[in-house]
Amino acid sequence: METLKRLKVIFEPELKKEIKKVAKEVTLEAGEVIVDIGQTIHSIPLIISGSIKVSRLDDDGKEILLYYVNSHESCAMTFTCCMEQRPSEIRAVAENQVTFLAIPVEYMDRWMMKYVTWKNFIMGTITSRFNELLRTIDLIAFQKLDERLKHYLEQKAITTNSKLLNLSHEEIANDLATSRVVISRLLKKLENDGLLLLYRNQIKLLSAFKVKID
DNA sequence: ACATTAAGTGATT
DNA sequence: AATCACTTAATGT
């Protein structure tokens, strides 16, 4: 399985062998649901290419974006759900065409004990996700929607690997759980600041907008 | 040409 | 920052 080589994680050879043995390679098209709220997860994904959008539903059943899982990453929420075999709190949808290795949950525990690199990998993705969520909580608490928007655009550029984003203001507003009018105003400000250009259903990030792609 | 949908803006809470 | 009300611009039929 050459796909494993493309992961930048450094797993020890024995672990790689085990992964090859038990993992199933799955490819999904954009929009396909991987897990929905209430479902129980039986395997954890190691993303080879593409990305997954992870969201939860608020009280009114509206979708609110939590984060994207990109290439070479895995989803922190699935770990916690898997451990206890509890129903998923989140919904995961393929953002674009995505291929990942599905690893059955029972190996999670076993490998944690057996392989340091696996433990480090799991802990690493949980910590970085936790820190990111902490940051967005801060931004929400201090009502810094403009910074959340910038972060959102940056993530979007990373997942699509393009500075040309095909998004309407309304979609952004839905993802950030706010109103379209607010997004339009903030985007206009960013445009005036020379960070981006606005078109209909399209946003072009300029070089002044620091994103490390290409 | 007309209807529909996306985006821009002032005023108000 | 959210909502309302309204305008303007772009796009589809």
Side-chain angles (χ1 to χ4, degrees), chain A residues 28-38 47 49-71 73 75-77 80 88-98 126-214:
Chain A
L28 294 176
E29 296 305 315
E32 289 198 69
V33 177
I34 299 153
V35 277
D36 213 331
I37 289 135
I47 303 190
S49 68
S51 48
I52 296 173
K53 179 179 181 172
V54 178
S55 58
R56 72 174 200 92
L57 300 186
D58 72 3
D59 315 312
D60 312 323
K62 286 192 175 180
E63 207 164 318
I64 164 151
L65 171 108
L66 289 179
Y67 51 78
Y68 290 102
V69 186
N70 294 319
S71 296
E73 297 175 351
C75 176
M77 280 300 294
T80 54
S88 174
E89 306 278 333
I90 51 96
R91 167 182 292 168
V93 181
E95 171 75 4
N96 36 51
Q97 183 184 291
V98 66
I126 289 178
T127 351
S128 63
R129 190 62 67 196
F130 188 77
N131 287 333
E132 189 193 310
L133 289 177
L134 269 189
R135 203 168 92 239
T136 63
I137 288 174
D138 276 348
L139 294 181
I140 291 171
F142 291 99
Q143 297 178 1
K144 297 193 168 178
L145 189 51
D146 53 338
E147 290 194 36
R148 278 216 293 153
L149 176 59
K150 277 193 247 174
H151 176 248
Y152 173 84
L153 294 173
E154 186 183 343
Q155 289 301 308
K156 202 74 182 184
I158 292 171
T159 60
T160 59
N161 198 38
S162 161
K163 289 195 166 192
L164 196 58
L165 311 175
N166 295 308
L167 288 168
S168 71
H169 297 184
E170 189 118 43
E171 289 177 67
I172 300 173
N174 285 335
D175 279 343
L176 298 184
T178 178
S179 67
R180 191 227 95 217
V181 206
V182 174
I183 295 298
S184 292
R185 288 215 164 93
L186 290 174
L187 283 173
K188 202 72 205 165
K189 206 181 78 193
L190 293 179
E191 186 179 42
N192 291 332
D193 291 349
L195 292 179
L196 45 78
L197 292 175
L198 297 174
Y199 310 94
R200 183 182 236 241
N201 281 316
Q202 209 165 258
I203 296 169
K204 165 91 175 165
L205 302 186
L206 299 176
S207 45
F209 198 110
K210 58 112 199 161
V211 194
K212 47 328 181 201
I213 55 172
D214 295 334

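The chains referred to below are lettered A, B, ... by the order of the sequence lines, with proteins before strands, and numbering in each begins at 1.
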Side chain of [X] only, heavy atoms from C-beta on: which candidate in [options] is closest?
X         : options                 : answer
Arg185(A) : dA6(B), dT3(C), dA1(C)  : dT3(C)
Lys188(A) : dT9(B), dA2(C), dA7(B)  : dT9(B)
Arg200(A) : dA7(B), dA1(C), dT5(B)  : dT5(B)
Leu198(A) : dG10(B), dA1(C), dG8(B) : dG8(B)
Val181(A) : dA2(C), dA9(C), dT3(C)  : dT3(C)

dG8(B) OP1/OP2 closer than 4.0 Å to side-chain N/O of His169(A):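 Affirmative; the distance criterion is met.
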Ser179(A) vs dA1(C): side-chain N/O to OP1/OP2 distance below 4.0 Å: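 False: Ser179(A) side-chain N/O out of range (4.0 Å or more) of dA1(C) OP1/OP2.
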Rounded to the nearest angstrom, tell me the gap between atom [atom1] in [X] and atom [atom2] in [N].
X         : N      : atom1 : atom2 : answer
Asn201(A) : dG8(B) : CG    : C1'   : 15 Å
Leu149(A) : dA7(B) : CG    : P     : 13 Å
Gln202(A) : dA7(B) : CD    : P     : 11 Å
Leu145(A) : dA2(C) : CG    : C1'   : 11 Å
Glu170(A) : dT3(C) : CD    : P     : 12 Å
Glu171(A) : dT5(B) : CD    : C1'   : 13 Å
Leu196(A) : dA7(B) : CG    : C1'   : 14 Å
Tyr199(A) : dT8(C) : OH    : P     : 23 Å

Leu167(A)/Tyr152(A) under side-chain contact (heavy atoms from CB on, under 4.5 Å): CA gap, chis, key distance, verdict: CA-CA 11 Å; Leu167(A) 288 168; Tyr152(A) 173 84; 3.8 Å; yes
Glu95(A) versus Thr159(A), side-chain donor and acceptor atoms under 3.5 Å: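 The answer is no; no qualifying pair exists.
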Distance-only polar pair, side chains of Asp36(A) and Ser88(A), donor-acceptor under 3.5 Å: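 Not at all, the side chains of Asp36(A) and Ser88(A) share no donor-acceptor pair under 3.5 Å.
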Distance (rounded to the nearest 0.5 Å) between Ile52(A) CD1 and Tyr67(A) OH: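 Spacing of CD1 (Ile52(A)) from OH (Tyr67(A)) equals 10.0 Å.
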Under-3.5 Å donor-acceptor pair between Arg180(A) side chain and dA7(B) base: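 Such a pair is found, so the answer is yes.
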Step-by-step side-chain contact (heavy atoms from CB on, under 4.5 Å) determination, Glu89(A) to Thr80(A): CA-CA 10 Å; Glu89(A) 306 278 333; Thr80(A) 54; over 6 Å; no
